[in-house]
Amino acid sequence: MKIITRLSATVVAACLALLGPVTPAAAATITVDNATAGQFIASAGWGTSAWSAQRYGADYRFATPDTTASDVAWFKASIPAAGPHLVEIWYPADPGYNSAAPFMVATADGTRSVLVDQRANGGRWVSLGTFTLAAGDYNVVGVSRWTSQPGYVVADAVRITTSTGTPSFSLPLPRTALPRSEYDDPHHDYPAIDLPVGTGTPRTRCAPAR
């Protein structure tokens with residue numbers, strides 16, 4: 001059985017110009033643990049512990065607050081392309097940990113600071129937000145000891161996710177299904193053409209992938 005799918009001439013033109021399989025944007029995810037070789041930098045002021053079962057990986061780093069020096073522990077990552085990125089952190093939580101741990105994100109527009117209550121929401125990915133990052137291999141997310149609140153500041157793991165790729169289009173049937181004149185010169189009094197396709201064919205196949 002055939003059904004008729006009506007597509008605007010503009011959309012069909014775009015499909016013909018960019019004919020190819022619909023390829024959704026690929027999400028590139030980078031995860032950096034405190035034990036990732038060469039990707040975590042911290043001073044001797046940061047200890048190592050495996051005490052909490054909420055940790056990511058084998059262990060995590062911790063430090064006491066220090067209002068005289070920032071003493072940032074940095075997670076380094078290789079960002080393949082500039083653009084918006086979702087930045088998430090993982091840490092074990094404990095009632096005795098810091099209620100305002102300063103996390104810093106090195107964005108393309110400067111360093112942004114986000115305070116995190118590490119007494120709660122441990123053992124899972126916690127979003128710091130979406131930030132515009134520059135491309136390159138550099139220190140992206142840091143954890144500072146500069147806080148007036150009591151309790152350990154913890155650095156465990158970070159995850160950075162971005163969307164990449166460009167839209168592509170495809171017709172829901174081969175180009176040879178109708179003569180070229182049908183695409184070039186639609187015969188209706190409206191700016192569209194009718195394509196005979198099988199029952200159940202999605203009507204959105206010719207839209208750009210998101």
Side-chain angles (χ1 to χ4, degrees), residues 25-164:
T29 300
I30 303 167
T31 302
V32 182
D33 181 49
N34 74 91
T36 304
Q39 300 298 103
F40 181 78
I41 304 168
S43 74
W46 288 82
T48 302
S49 177
W51 175 78
S52 176
Q54 293 182 348
R55 65 186 180 273
Y56 183 95
D59 53 34
Y60 55 96
R61 306 298 291 272
F62 68 95
T64 56
D66 186 348
T67 56
T68 64
S70 186
D71 192 17
V72 181
W74 283 102
F75 293 89
K76 186 178 182 181
S78 181
I79 307 300
H85 294 70
L86 172 64
V87 177
E88 299 167 288
I89 58 172
W90 184 295
Y91 58 87
D94 185 86
Y97 288 171
N98 205 280
S99 63
F103 279 77
M104 299 183 297
V105 182
T107 76
D109 302 320
T111 302
R112 307 290 177 85
S113 180
V114 181
L115 298 181
V116 176
D117 184 352
Q118 294 191 310
R119 300 172 302 177
N121 300 318
R124 64 183 180 87
W125 290 112
V126 175
S127 173
L128 293 184
T130 299
F131 305 88
T132 300
L133 302 181
D137 189 30
Y138 58 97
N139 295 332
V140 181
V141 181
V143 190
S144 172
R145 297 173 60 187
W146 196 302
T147 173
S148 60
Q149 298 303 309
Y152 287 136
V153 174
V154 176
D156 195 350
V158 302
R159 184 169 71 178
I160 303 167
T161 305
T162 184
S163 293
T164 58

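Note that the numbering runs from 1 along the sequence shown for the chain. Excluded from the calculations below are hydrogen atoms, water molecules and symmetry mates; all remaining heavy atoms, backbone and side chain alike, are included. Everything numeric in this text was worked out from a predicted model, so none of it was measured.
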Of Asp156, Asn139, Val143, which is the lone residue that meets side-chain contact (heavy atoms from CB on, under 4.5 Å) with Phe75?
Val143
Please check if any side-chain donor atom of Arg61 sits under 3.5 Å from a side-chain acceptor atom of Thr48, or the reverse.
yes
Do Ser70 and Arg145 get their side chains close enough for a donor-acceptor pair, meaning under 3.5 Å?
no
Side chains of Thr68 and Asp66: donor-acceptor distance under 3.5 Å anywhere?
yes
Determine, step by step, whether Thr161 and Ile30 satisfy the side-chain contact (heavy atoms from CB on, under 4.5 Å) criterion, reporting the C-alpha distance in whole Å, the side-chain angles of both residues, the deciding distance to 0.1 Å, and the verdict.
CA-CA 6 Å; Thr161 305; Ile30 303 167; over 6 Å; no
Quick check against the 3.5 Å criterion: does Gln54 have a side-chain atom that pairs as donor or acceptor with the backbone of Ala93?
yes
Any side-chain heavy-atom pair from Trp125 and Tyr56 closer than 4.5 angstrom?
yes
Donor-acceptor under 3.5 Å (Thr107 side chain, Leu133 main chain):
no
Heavy-atom distance under 4.5 Å between the side chains of Tyr138 and Ile79, does that happen here?
yes
Describe, in one word, how the ring planes of Tyr91 and Phe103 are oriented to each other, choosing from parallel (under 30°), tilted (30 to 60°) and perpendicular (over 60°).
tilted
Is it the case that the side chain of Arg124 and the backbone of Trp90 share a donor-acceptor pair, with hydrogens and angles ignored and the cut-off at 3.5 Å?
no
Within the distance-only criterion (no hydrogens, no angle test), does the side chain of Thr64 pair as donor or acceptor with the backbone N or O of Tyr152 below 3.5 angstrom?
no
Can Asp117 and Ser99 be counted as having a side-chain donor-acceptor contact under 3.5 angstrom?
no
Centroid-centroid under 6.0 Å between Tyr60 and Trp51 rings
no
Does Val153 offer a backbone N or O that forms a donor-acceptor pair with the side chain of Gln118 under 3.5 Å?
no
Pairwise side-chain contact, Pro95 with Arg119, heavy-atom cut-off 4.5 Å (strictly under)
no
What are the two closest heavy atoms between Ile160 and Ala77, and how far apart are they?
CD1-CB, 3.9 Å
Distance-only, no hydrogens or angles: does the Asn34 side chain make a donor-acceptor pair with backbone N or O of Asp59 under 3.5 Å?
yes
Go through the steps for Asp137 and Lys76 under the test salt bridge (charged side-chain N to carboxylate O under 4.0 Å, His left out), then give the verdict.
CA-CA 7 Å; Asp137 189 30; Lys76 186 178 182 181; 3.8 Å; yes
